[in-house]
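Data block below; observations after.
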Protein chains: 2
Amino acid sequence: MMFSKACEYAIRAAIFLSANSGDGVLVGISDISSEIGAPKHFTAKILQVLTRKRLVSSQKGVNGGFYLDAVQKGRPVIDIVIAIDGDNIFKGCGLGLRECSEKEPCPLHHKFLAVRSGLTQLLTESTIGSLAHSLESGSSFLKKS
Amino acid sequence: MMFSKACEYAIRAAIFLSANSGDGVLVGISDISSEIGAPKHFTAKILQVLTRKRLVSSQKGVNGGFYLDAVQKGRPVIDIVIAIDGDNIFKGCGLGLRECSEKEPCPLHHKFLAVRSGLTQLLTESTIGSLAHSLESGSSFLKKS
DNA sequence: ATACTTAAAGACCTTTTTATCCTTTAACGA
DNA sequence: TCGTTAAAGGATAAAAAGGTCTTTAAGTAT
């Protein structure tokens, strides 16, 4: 809708991991991908990126898997978005004009700014952990995509 | 940033046409594409779609070209966006969840709604003509992409 | 009429995104 | 230390988006 598929998967995976890992509990890709309804190998790729960027932790070998530590659960969702999709959504002109700026704004410039800052704010003030927490009450909203 | 390239080109083309056509004045694709800084043939394809959907008017043959009539200049920008990108930006879950709804909302559901309605509103209350008008004052912001 | 200009249409190519597979690497347990 | 297990990583494939080119046909001026 607004993010790439990869980014949606990433957010869902992070939320799922926040709710279901930690304190020595790890989760494998098969579990993650089936729970968030994303293709297994694609999910693996995405988790790889997030792991490399230290937004997710991983453990190889027997009983290995992925998990989030306390710090990672406290990260804002916007970190995930930027790690996967970059920050193009948050900067640049809505009409794709290079020349557009405060000094020479395109006709929609200021209105776009408002929408965008709303988006930035919501993604910044929502942490992975807080989102995971808000679904604790049995509502397994992540099941089936 | 938020729209596809095709959609950005479409909006720019519409604004340009609104400012530079009408009352028997037509503009050819070469002029349009160079003024809005978009690939010529790709622009032609996009204009074709807009024409078929009656958001833009065209005239074949000698001295032919594209133009907007009064009604078309009064159309809200959202019509262009929907014609090219569809309405996926305006509906559907931000996390791509099919199950997400008012009853079983995803953790970001309500916050996304606010952002989205802001976007919808801005695109609905801005008409092609009004945007074209706001750049009348010499600022050829469309030049060069 | 007809010749010329220009949009319409559609075939085609390239790049990016999405998705899959397979090999390598590392961790751990026995 | 050896074997199992799971992530890391590279290589490939399919689909969608972005972009180019050629042909067709409509309209207009002459």
Side-chain angles (χ1 to χ4, degrees), chain A residues 1-14 17 21 24-34 36-68 81 83-86 88-89 96 145, chain B residues 1-14 16-17 21 24-34 36-68 72 81 83-86 88-89 96 145:
Chain A
M1 154 249 182
M2 198 148 212
F3 308 128
S4 69
K5 279 267 184 71
C7 188
E8 290 178 0
Y9 296 157
I11 297 172
R12 288 195 248 162
L17 274 177
S21 79
V25 179
L26 310 196
V27 190
I29 354 172
S30 297
D31 286 343
I32 299 172
S33 61
S34 74
I36 68 174
K40 181 173 170 179
H41 297 286
F42 194 39
T43 304
K45 275 278 124 74
I46 295 163
L47 267 296
Q48 240 180 74
V49 173
L50 294 180
T51 301
R52 222 178 299 137
K53 301 205 172 178
R54 309 276 177 217
L55 294 170
V56 165
S57 302
S58 70
Q59 179 87 300
K60 283 185 180 179
V62 178
N63 297 326
F66 297 90
Y67 67 98
L68 296 192
V81 174
I84 303 296
D85 279 353
N88 290 355
I89 325 171
S145 95
Chain B
M1 152 249 183
M2 198 149 212
F3 308 127
S4 68
K5 281 271 183 67
C7 188
E8 290 177 359
Y9 296 157
I11 298 172
R12 288 195 249 162
F16 176 70
L17 274 178
S21 79
V25 179
L26 310 197
V27 190
I29 349 176
S30 297
D31 286 343
I32 299 172
S33 61
S34 75
I36 69 174
K40 180 174 169 179
H41 297 283
F42 194 38
T43 305
K45 194 179 270 187
I46 294 163
L47 266 297
Q48 245 180 68
V49 174
L50 294 181
T51 302
R52 222 178 300 137
K53 302 206 173 180
R54 310 275 176 217
L55 294 171
V56 165
S57 302
S58 70
Q59 178 88 301
K60 283 186 179 178
V62 177
N63 296 326
F66 297 89
Y67 67 99
L68 296 192
Q72 291 164 337
V81 174
I84 303 295
D85 279 354
N88 290 357
I89 325 170
S145 93

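Please read all numbers here as calculations on a predicted model, not as lab measurements. By convention in this document, chain letters (A, B, ...) are assigned in the order of the sequence lines, proteins followed by strands, and residues within each chain are numbered from 1.
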For this session: Counting heavy atoms from C-beta on, name the nucleotide in D/dG9, D/dT4, C/dA8 closest to the side chain of B/T51.
Result: C/dA8

For this session: Mind running side-chain contact (heavy atoms from CB on, under 4.5 Å) on A/I11 and A/V81 for me, showing each step along the way?
Result: CA-CA 8 Å; A/I11 297 172; A/V81 174; 4.1 Å; yes

Exercise. Does the side chain of B/Y9 come within less than 4.5 Å of B/I84's, by heavy atoms?
Worked result: no

Problem set entry | Verdict with supporting geometry, B/F16 and B/V27, side-chain contact (heavy atoms from CB on, under 4.5 Å) | CA-CA 10 Å; B/F16 176 70; B/V27 190; 4.0 Å; yes

Exercise. To the nearest Å, how far apart are B/L26 CG and D/dG27 P?
Worked result: 13 Å

Problem set entry | Interatomic distance where CZ belongs to A/F66 and P belongs to C/dA27 [whole Å] | 14 Å

For this session: Take A/Q59 and B/K60, find for each the nucleotide of DNA chain C with the closest heavy atom, and name the residue whose nucleotide sits nearer the 5' end.
Result: B/K60

Seminar exercise, completed: From CZ of A/F42 across to C1' of D/dG9 the rounded distance in Å is 16 Å

Problem set entry | Atom-pair distance (CD1 on B/I84; C1' on D/dG19), nearest Å | 15 Å

For this session: Work out which heavy atom in B/L55 is nearest to a heavy atom in B/L68; give both atom names and the distance.
Result: O-CD2, 3.4 Å

For this session: Could you check how far NZ of B/K5 sits from P of D/dA16, rounded to whole Å?
Result: 19 Å

For this session: Round to the nearest Å and state the distance from B/K45 atom NZ to C/dA8 atom P.
Result: 14 Å

Seminar exercise, completed: Whole-Å distance, B/N63 CG to D/dA26 P, equals 19 Å

Exercise. When you check the phosphate oxygens OP1 and OP2 of C/dA7, does a side-chain N or O of B/Q48 lie under 4.0 Å from one of them?
Worked result: no

Exercise. Of B/F3 and A/S30, whose closest DNA chain D nucleotide lies nearer the 5' terminus?
Worked result: A/S30

For this session: Could you please name the option among D/dA7, C/dT20, C/dA11 that lies closest to any side-chain atom of A/I29?
Result: D/dA7

Problem set entry | Atom-to-atom span, NZ of A/K40 to C1' of C/dC21 - whole angstrom | 11 Å

Exercise. On DNA chain C, nearest-nucleotide positions of A/H41 versus A/S4: which is more 5'?
Worked result: A/S4

For this session: Map A/G61 and A/R52 onto DNA chain D by nearest heavy atom, then report which one ends up closer to the 5' terminus.
Result: A/G61

Exercise. Between A/Y9 and C/dT18, does any side-chain N or O lie under 4.0 Å from OP1 or OP2?
Worked result: no

Exercise. Can you name the nearest heavy-atom pair linking B/P39 to B/T43, along with the distance?
Worked result: O-OG1, 2.6 Å

For this session: Verify the contact: side-chain N or O of B/S58 to OP1 or OP2 of C/dA8, cut-off strictly under 4.0 Å; return yes or no.
Result: yes

